[in-house]
There are 2 protein chains.
Amino acid sequence: MDFAEHAARSRGFDGFSYGDMAVAIGIRKASIHHHFPTKANLSEALIERYQTNLQHRLAEIEATHATAGARLKALIALYRAALDDGRTVCLCVAFSTSRESLSKVVIAKVSAVRAMILQWITATFELGQRDGSISAILDPAYEAPATLAMLEGAHLAARTEEDLVAFDVATRLLNARCQ
Amino acid sequence: MDFAEHAARSRGFDGFSYGDMAVAIGIRKASIHHHFPTKANLSEALIERYQTNLQHRLAEIEATHATAGARLKALIALYRAALDDGRTVCLCVAFSTSRESLSKVVIAKVSAVRAMILQWITATFELGQRDGSISAILDPAYEAPATLAMLEGAHLAARTEEDLVAFDVATRLLNARCQ
DNA sequence: GTCTATAGAGAGATAGAC
DNA sequence: GTCTATCTCTCTATAGAC
């Protein structure tokens with residue numbers, strides 16, 4: 001699953017095959033089909049594991065950072081780290097483009113993951129209004145989707161240029177708003 | 001090429017085949033190979049046409065809108081219209097995810113298109129500083145990559161949810177900054 | 001759980017007739 | 001420019017032995 005996730009995030013869900021996985025892991029294609037009978041099964045397992053991981057990461061940020069500004073900075077760092085030097089984007093972005101070859105269940109899961117992140121960012125901006133650690137907050141309900149869009153767009157920019165600098169310049173102003 | 005562009009933007013460059021094109025157009029695969037011998041040729045033709053079109057669109061916006069705020073609003077509308085009700089993203093985004101199956105020439109072209117847009121947005125923010133039609137401008141050099149990231153991220157959001165509303169909420173604050 | 005072997009579909013691409 | 005026909009390759013998936 002580690003390889004599958006990395007491959008999906010690097011080349012899209014259609015961009016890797018059971019054959020690629022078999023070579024990478026060192027077993028045969030048929031053996032992988034034993035664990036994930038169809039690629040649809042694999043896609044479900046991937047997005048579910050991704051959601052669980054992300055939940056833990058977000059909770060971890062809340063536990064280790066008290067102010068909204070510090071939390072938002074940590075979220076930006078989380079997305080930056082997910083880039084793997086510009087070789088991968090986040091699974092939501094990868095699955096968005098592979099939309100046509102994914103089941104409705106998986107599409108709904110991607111949507112749910114997005115909603116979870118949006119809720120977390122919204123709550124962070126609401127906290128920022130109270131603790132004053134994020135500057136120039138207008139409406140948290142609109143700051144959140146704008147922020148997520150910017151993070152995912154910055155991912156794409158870094159992927160296109162295969163350079164983390166593209167991510168950094170795109171998120172610079174957002175970062176500067178956080179104390 | 002119209003079909004190929006739409007398909008690439010909807011399903012990724014690997015998400016459609018010469019067979020799909022043949023069915024859509026009503027001729028045979030071999031006939032398409034006559035015009036575009038390899039899929040690499042097709043990808044180059046697509047990105048080149050895209051760049052030319054975009055150049056004209058941006059020039060058109062400049063010609064019909066005097067203030068920076070009006071121009072930025074028009075750019076947001078341009079990206080919104082490119083969504084086709086959430087079924088397609090822009091070609092740069094689509095090609096970013098299909099990165100591994102594209103030639104270096106095409107990757108460089110995508111990069112060039114991005115640079116062109118970035119320059120245009122930067123110039124627009126610089127004008128905004130002078131004419132005061134965009135509020136809360138910090139550094140135009142960083143506003144531009146942040147804006148492009150937000151627009152492309154908003155595209156992804158709308159594509160994921162297959163709903164234009166996702167684009168609208170993500171770009172709402174940016175829109176509100178334009179007079 | 002892993003293997004060999006293979007089915008069946010579809011991909012990109014080419015040769016050569018018209 | 002378009003066609004039929006075909007090549008070669010890779011894909012997902014399955015059957016059945018070990």
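A note on names: the letters A, B, ... follow the listed sequences, proteins ahead of strands, and every chain is numbered from 1. Bear in mind that the values here come from a model prediction, so they are computed numbers and not experimental data.
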Please indicate whether B/Arg57 has more than 12 foreign heavy atoms, meaning atoms of other residues, nucleotides or ligands, lying under 6.0 Å from its CZ.
no
Close side-chain approach of A/Tyr79 and A/Thr171, heavy atoms under 4.5 Å
no
Qualifying residues under side chain to side chain donor-acceptor pair (under 3.5 Å), relative to A/Glu100, sequence neighbours excluded
B/Arg159
Say whether, by atom type as modelled, one donor and one acceptor occur between the side chain of [X] and the main chain of [Y] under 3.5 angstrom.
| X | Y | answer |
| --- | --- | --- |
| B/Ser111 | B/Ala108 | no |
| A/Ser98 | A/Ser101 | no |
| A/Tyr18 | A/Ser31 | no |

Same apolar cluster: B/Val105 and B/Leu102, side chain cutoff 4.5 Å
no
Let me know the distance between CG of B/Asn41 and C1' of C/dG12, rounded to the nearest Å.
12 Å
Can you check the B/Ile25 CD1 to D/dC3 P distance for me, whole Å?
11 Å
Ignoring backbone atoms, test whether A/His35 places a side-chain nitrogen or oxygen under 4.0 Å from the OP1 or OP2 oxygen of C/dT2.
yes
Does a nitrogen or oxygen in the side chain of A/Ser31 sit under 4.0 Å from OP1 or OP2 of C/dG1?
no
Run the salt-bridge test on A/Lys39 and A/Asp14 with the 4.0 Å N-O cut-off and return the result as yes or no.
no
Scan nucleotides 5-18 of chain D nucleotide by nucleotide, 5' to 3', and note B when protein non-hydrogen atoms come under 4.0 Å of the base, S if they reach only the sugar-phosphate, - if neither.
------SBBBB---
Let me check the geometry of the helix from C/dG1-D/dC18 to C/dC18-D/dG1. What is the bend angle between the axes at its two ends, five pairs each, to 10°?
0°
